[in-house]
Amino acid sequence: MSTDSGTIVFTSQSGDDQLSLVDILDHVLTQGIIIRGNLVISLAGVDLVYAGLDVILTSVETAMRHMNPPAPPAKK
Amino acid sequence: MPVLLYCVAEASPSLDWPRTGVRGQPVSRIEHSGVAVFVSRDPNSEAWTRPPVRESVLEFHQVLRQLFRSVGILPFRFPTIFSGDRELEAHLESAGERYQQLLEKYKASVQMEVLVSAVEKSGGPSTASGTEYLRARKNRRDELNQIVTGFPSVAGLAVIEWKVRSLPQGVRWFARMERDSVDPFLAAMETLKIPAGYMARVSGPWPVTEFFHLDQS
């Protein structure tokens, strides 16, 4: 949708498009109740768990960067 | 047996939720300390977070989504896993009352979000110096904040409260409102004036995760 020459995009939670997928990953992995302390029991494969999550978190950031790629200055 | 937590909701007999969740495990409802908690159990808890994690995340989201259609929820961040029911009960003994308070306050609320970002020009790398680049980045950040400043007046009375958060990819505006205010809010957002070179992405409704605060330490 065009406005003042800028753009407004309305995304749904239907999961039908890449934009909403990024939103879902962002919400599920970065928002919500966090329980700290010893109530959260470590899993046997904790290193693997966090390695897997790191991959996903990186993917979200990469996806968002892809949507708005930065333009670093060239070295002179 | 390990327990994966999805969310907390008000204890109500009419809740509708999917019977299967992450990795096809059954989703159970537990009532304790005046709240309903939705969980899955699996002796092999690593399965919940085994790659591809994206599939697990989407299955997790589907459980939240179906519940959130009809009631307010407090979602847990994925993955929140307890070693068994004893730990879960201990947690609810200590946090149940707080969950009840939050649900009472936010049960009718939803969260809408607008992410405003600069649309980068495609092409080769910029020839600007480092100083010029940093100055341009600051100017862009100021412009993003300026754009977001106008949102509350456009959204009008639909918004109960709002927050702004700066992110690497732009500025995100969070608005809390009643469920029945979503359509008027979306209609109002269609009238937004976004300057050239910028994009606003509206999403929601989401659970009000940006507005509730818990200290479980």
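The basis for the numbers below is simple: all heavy atoms, side chains too, and nothing from hydrogens, waters or symmetry mates. For clarity, every value in this text was computed on a predicted model and none was experimentally measured. The sequence lines fix the lettering, A, B, ..., with proteins before strands; numbering per chain opens at 1.
- For R141(B), the CZ atom sits in a packed shell: over 12 heavy atoms of surrounding residues, nucleotides or ligands are nearer than 6.0 Å.
- Contacts between F60(B) and chain A at a heavy-atom distance below 4.5 Å involve the side chain alone, from C-beta outward.
- When atom types are taken as modelled, the side chain of R77(B) and the backbone of I33(A) share no donor-acceptor pair closer than 3.5 angstrom.
- The two residues D23(A) and S203(B) make their nearest non-hydrogen contact at OD2-CB, 3.6 Å.
- With a 4.5 Å cut-off on non-hydrogen atoms, L88(B) does not touch chain A at all.
- Counting only heavy atoms from C-beta outward, the side chains of V202(B) and T11(A) never approach each other to under 4.5 Å.
- To the nearest 0.5 Å, atom OG1 of residue T7(A) and atom CE of residue M199(B) are 7.5 Å apart.
- In this structure, the side chains of I24(A) and W206(B) come closer than 4.5 Å at one or more pairs of heavy atoms.
- For the pair D26(A) and R172(B), the minimum side-chain heavy-atom distance is below 4.5 Å.
- Side-chain contact between I8(A) and M189(B): absent, with no pair of heavy atoms (C-beta onward) separated by less than 4.5 Å.
- Side-chain contact between R201(B) and F10(A): absent, with no pair of heavy atoms (C-beta onward) separated by less than 4.5 Å.
- Listed by chain and number, the residues in a salt bridge (Lys or Arg N to Asp or Glu O under 4.0 Å) with R23(B) amount to none (sequence neighbours excluded).
- If you check the side chains of H27(A) and E113(B), you find a donor sitting under 3.5 Å from an acceptor.
- Atom CD of E97(B) is surrounded by 12 or fewer heavy atoms from other residues, nucleotides or ligands within 6.0 Å.
- Around atom CH2 of W17(B), more than 12 heavy atoms belonging to other residues, nucleotides or ligands sit under 6.0 Å away.
- Taken from CZ in F78(B) to CG in L25(A), the straight-line distance is 10.5 Å, to the nearest 0.5 Å.
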